[in-house]
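Note that the structure is a prediction, hence the values are computed from the model and not measured.
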Amino acid sequence: MLADPDLTEADLERLVTRFYAAVRADADLGPIFNDAIGDWPHHLGKLSAFWSSVMLLSGRYHGRPMQAHLLHADRITPELFGRWLALWSDTTDALFPPAVAARLQEKARRIGDSLQMGLRFYADPTRKAPHHDHA
């Protein structure tokens, strides 16, 4: 994958700020995010770095998103992922030309699918830890 030539760091920062303002105000998502995030300015910086790494291949993000989301796995439902994606689509459509918005939406959908699979896998109480034989 190549860095998206139609996006800048400033574009992504504007997107993250506007999108998470909508998330925080959302009746379904807001309570979960507002309970989970104590320092919004710091978190928005991390999210901007994440999207910079994803879309611009900047390597700025050094977090572990799966572990962060596992802390709240009991509150994260497939319906909430759908709501998150709908807000993401609304925000990207409002800020970017259609082709750029579509690339951001597709990337978010794939990341969301991967995150949902990971949450189901790690939260599955029937999953057994791998067994290692020591000869």
Side-chain angles (χ1 to χ4, degrees):
M1 180 185 149
L2 300 173
D4 195 307
D6 298 318
L7 287 169
T8 66
E9 293 282 352
D11 290 334
L12 294 171
E13 190 172 313
R14 190 171 76 248
L15 168 60
V16 164
T17 299
R18 186 162 168 180
F19 171 69
Y20 280 97
V23 165
R24 292 176 75 184
D26 185 78
D28 296 320
L29 294 172
I32 295 168
F33 278 84
N34 289 317
D35 287 351
I37 310 301
D39 182 348
W40 272 102
H42 174 74
H43 194 66
L44 292 174
K46 284 174 57 174
L47 292 166
S48 292
F50 174 82
W51 284 102
S52 170
S53 292
V54 168
M55 298 305 293
L56 303 178
L57 308 179
S58 68
R60 289 181 45 223
Y61 180 74
H62 300 288
R64 300 175 73 183
M66 182 59 69
Q67 281 73 11
H69 288 84
L70 276 171
L71 296 174
H72 310 283
D74 59 323
R75 295 180 76 184
I76 302 172
T77 65
E79 293 78 21
L80 289 177
F81 269 106
R83 180 68 187 138
W84 188 95
L85 283 172
L87 287 177
W88 182 259
S89 291
D90 291 347
T91 307
T92 54
D93 283 342
L95 291 176
F96 301 104
V100 176
R103 290 193 298 273
L104 285 159
Q105 292 162 14
E106 175 61 18
K107 184 60 81 169
R109 187 193 57 74
R110 284 193 272 139
I111 290 168
D113 288 349
S114 176
L115 194 56
Q116 286 184 83
M117 284 192 305
L119 289 174
R120 285 194 303 269
F121 176 77
Y122 287 111
D124 181 358
T126 65
R127 187 177 67 83
K128 295 192 183 331
H131 179 71
H132 298 286
D133 289 326
H134 299 284

Side chain to side chain donor-acceptor pair (under 3.5 Å) partners of D113, counting only residues at least two apart
R109

Hey, mind stepping through L7 and R103 against side-chain contact (heavy atoms from CB on, under 4.5 Å) and telling me if it holds?
CA-CA 11 Å; L7 287 169; R103 290 193 298 273; 6.0 Å; no

By the side-chain hydrogen bond (donor to acceptor under 3.5 Å, both in side chains) test, which pairs, at least two apart or in different chains, include something from residues 91-100?
T92-Q105, D93-Q105

W88 side chain near L15 side chain, heavy-atom distance below 4.5 Å:
yes

Return the set of residues passing ring-ring contact (aromatic ring centres under 6.0 Å, His included) with Y20 (not counting sequence neighbours), or none when no residue passes.
F33

Enumerate the residue pairs fulfilling salt bridge (charged side-chain N to carboxylate O under 4.0 Å, His left out) with a member in residues 7-23, sequence neighbours excluded, ordered by first and then second residue.
E9-R60, D11-R14

For S53, what residues pass the side chain to side chain donor-acceptor pair (under 3.5 Å) criterion, not counting sequence neighbours?
none

So, taking the atom named CE in M55 and the one named CG in L12, what distance separates them when rounded to the nearest 0.5 Å?
7.0 Å

Out of curiosity, E106 CD to I111 CD1, how far, rounded to the nearest 0.5 Å?
10.0 Å

Give every donor-acceptor pair under 3.5 Å between a side-chain atom in residues 40-51 and any protein atom, sequence neighbours left out.
from	atom 1	to	atom 2	distance (Å)
W40	NE1	N34	OD1	3.3
S48	OG	L44	O	3.1

Atom pairs and distances, donor-acceptor, side-chain atoms in residues 78-85, under 3.5 Å, two or more places apart:
from	atom 1	to	atom 2	distance (Å)
E79	OE1	T77	OG1	3.3
R83	NE	D26	OD1	2.8
R83	NH2	D26	OD1	2.7

